[in-house]
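For reference, the structure discussed in these notes is given below.
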Amino acid sequence: MTRKLKRHCLGLFLSQGVSLSSWEESGLLQREIEPYNLLAARFKKIYIFSYGGNSEKKYQNRLAKNIKIIPNSQKTHHSRYVYLMPFRHKRIIRLCRFLKTEQISGSKAAILGKIINPKAR
């Protein structure tokens, strides 16, 4: 199973409005990213879709080398970005075999991602 996963990418959708910065401000960043740093050894690539702006990239050095942060680079309000995100990043979503959410509030973007990439699980 591990060899099969190693060929695939995982797309992680943070909860609506949540960013790595907000995790850090609330003291949750290390706890929340640790499972993904461990999972990174099992996947070709992990993409984290964040609602934070380009400043999110400052956390890249705290993540495994094959985890990439996908920020809200245009700083669109989260109530709109939840619907726009999957379309803005459809090229990346199409690379993902698995789509995951952190909380139920991340599911809107993930469901749209599944429509964009019907092969994703």
Side-chain angles (χ1 to χ4, degrees):
M1 179 74 162
T2 301
R3 279 188 231 139
K4 288 182 182 180
L5 283 179
K6 195 66 174 165
R7 295 181 290 179
H8 298 295
C9 299
L10 168 70
L12 170 66
F13 294 86
L14 298 186
S15 302
Q16 186 174 336
V18 173
S19 64
L20 299 175
S21 297
S22 63
W23 276 353
E24 183 174 53
E25 289 168 11
S26 62
L28 298 173
L29 181 64
Q30 192 57 42
R31 184 191 84 179
E32 294 294 331
I33 64 172
E34 192 57 35
Y36 300 103
N37 280 330
L38 294 172
L39 276 174
R42 306 239 185 238
F43 284 94
K44 178 180 177 180
K45 193 104 171 162
I46 296 176
Y47 297 98
I48 298 177
F49 296 94
S50 172
Y51 288 83
N54 286 330
S55 63
E56 294 287 276
K57 292 179 181 178
K58 69 184 174 189
Y59 300 108
Q60 194 65 58
N61 64 347
R62 296 171 81 173
L63 299 168
K65 292 189 187 312
N66 62 330
I67 298 177
K68 184 174 181 188
I69 300 165
I70 309 299
N72 176 1
S73 57
Q74 295 176 337
K75 297 183 182 179
T76 305
H77 190 271
H78 68 84
S79 63
R80 290 183 61 215
Y81 190 61
V82 68
Y83 299 106
L84 295 174
M85 175 198 303
F87 297 99
R88 284 190 184 160
H89 304 295
K90 66 183 173 188
R91 184 186 59 77
I92 294 169
I93 290 171
R94 287 183 179 140
L95 297 173
C96 297
R97 176 64 187 259
F98 302 96
L99 302 177
K100 182 189 179 314
T101 62
E102 271 295 296
Q103 300 286 335
I104 195 72
S105 67
S107 65
K108 291 176 192 171
I111 290 168
L112 291 171
K114 174 69 173 159
I115 291 169
I116 290 168
N117 181 1
K119 294 180 180 178
R121 296 181 182 176

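All values derive from a computational prediction rather than experimental measurement. All residue numbers refer to positions in the sequence shown, counting from 1.
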Within the side chain of Thr101, is there an N or O that forms a donor-acceptor pair under 3.5 Å with the backbone of Ile104? no

Does atom NZ of Lys45 have more than 12 heavy-atom neighbours from other groups under 6.0 Å away? yes

Please step through side chain to side chain contact (heavy atoms under 4.5 Å, CB included) for the pair Arg121 and Arg97, ending with a clear verdict. CA-CA 6 Å; Arg121 296 181 182 176; Arg97 176 64 187 259; 2.9 Å; yes

Establish whether Ile70 and Ile67 are linked, either directly or via other cluster members, by ILVMFWY side-chain heavy-atom contacts under 4.5 Å. no

To the nearest 0.5 Å, tell me how far Arg31 CZ sits from Ser26 OG. 8.5 Å

Mind listing the closest non-hydrogen atom pair of Gly11 and Phe49 along with its distance? CA-CE1, 4.0 Å

Going from NE2 on His89 to SG on Cys96, what distance comes out if it is rounded to the nearest 0.5 angstrom? 11.5 Å

For the residue pair Leu95 and Cys9, what are the closest heavy atoms and their distance? O-CB, 3.6 Å

Side-chain donor or acceptor of Lys75 paired with backbone N/O of Asn54 under 3.5 Å: no

Closest non-hydrogen atom pair between Ser15 and Ser105, with its separation: CB-OG, 3.2 Å

Would a single hydrophobic cluster contain both Ile116 and Leu14, if residues Ile, Leu, Val, Met, Phe, Trp and Tyr are joined by side-chain heavy-atom contacts under 4.5 Å? no

So how far is it from Leu10 CG to Lys44 NZ, rounded to the nearest 0.5 Å? 13.5 Å

Step by step, would you call Ile93 with Phe13 a side chain to side chain contact (heavy atoms under 4.5 Å, CB included)? CA-CA 11 Å; Ile93 290 171; Phe13 294 86; 4.0 Å; yes

Between Pro86 and Gly113 the two heavy atoms that sit nearest each other are CB-N, 4.0 Å

Could you give the distance from CD (Glu102) to OH (Tyr36), rounded to the nearest 0.5 Å? 3.5 Å

According to the interplanar angle, ranging from 0 to 90°, do the rings of Phe98 and His8 count as parallel (below 30°), tilted (30 to 60°) or perpendicular (above 60°)? perpendicular

Where Lys114 and Pro118 come nearest, the two heavy atoms and their spacing: NZ-O, 2.7 Å

With Arg62 as partner, the option from Glu56, Glu32, Glu34, Glu24 fulfilling salt bridge (Lys or Arg N to Asp or Glu O under 4.0 Å) is Glu24

Treat each ILVMFWY residue as a node, draw an edge where side-chain heavy atoms are under 4.5 Å apart, and state whether Tyr59 and Val18 are in one component. yes

At what distance, to the nearest 0.5 angstrom, does NZ of Lys65 lie from CG of Asn37? 11.0 Å

When rounded to the nearest 0.5 Å, the distance separating OH of Tyr51 from CE of Met85 is 3.5 Å

Linking I/L/V/M/F/W/Y whenever their side-chain heavy atoms sit closer than 4.5 Å, directly or via other members, would Leu20 and Tyr47 fall into one cluster? no

In this structure, would Leu12 and Phe87 fall into the same cluster of hydrophobic residues linked by side-chain contacts under 4.5 Å? no

Show your reasoning for whether side chain to side chain contact (heavy atoms under 4.5 Å, CB included) applies to Asn72 and Arg88. CA-CA 10 Å; Asn72 176 1; Arg88 284 190 184 160; 4.1 Å; yes

Scanning both residues in full, the closest heavy-atom pair of Asn66 with Phe43 reads ND2-O, 2.8 Å

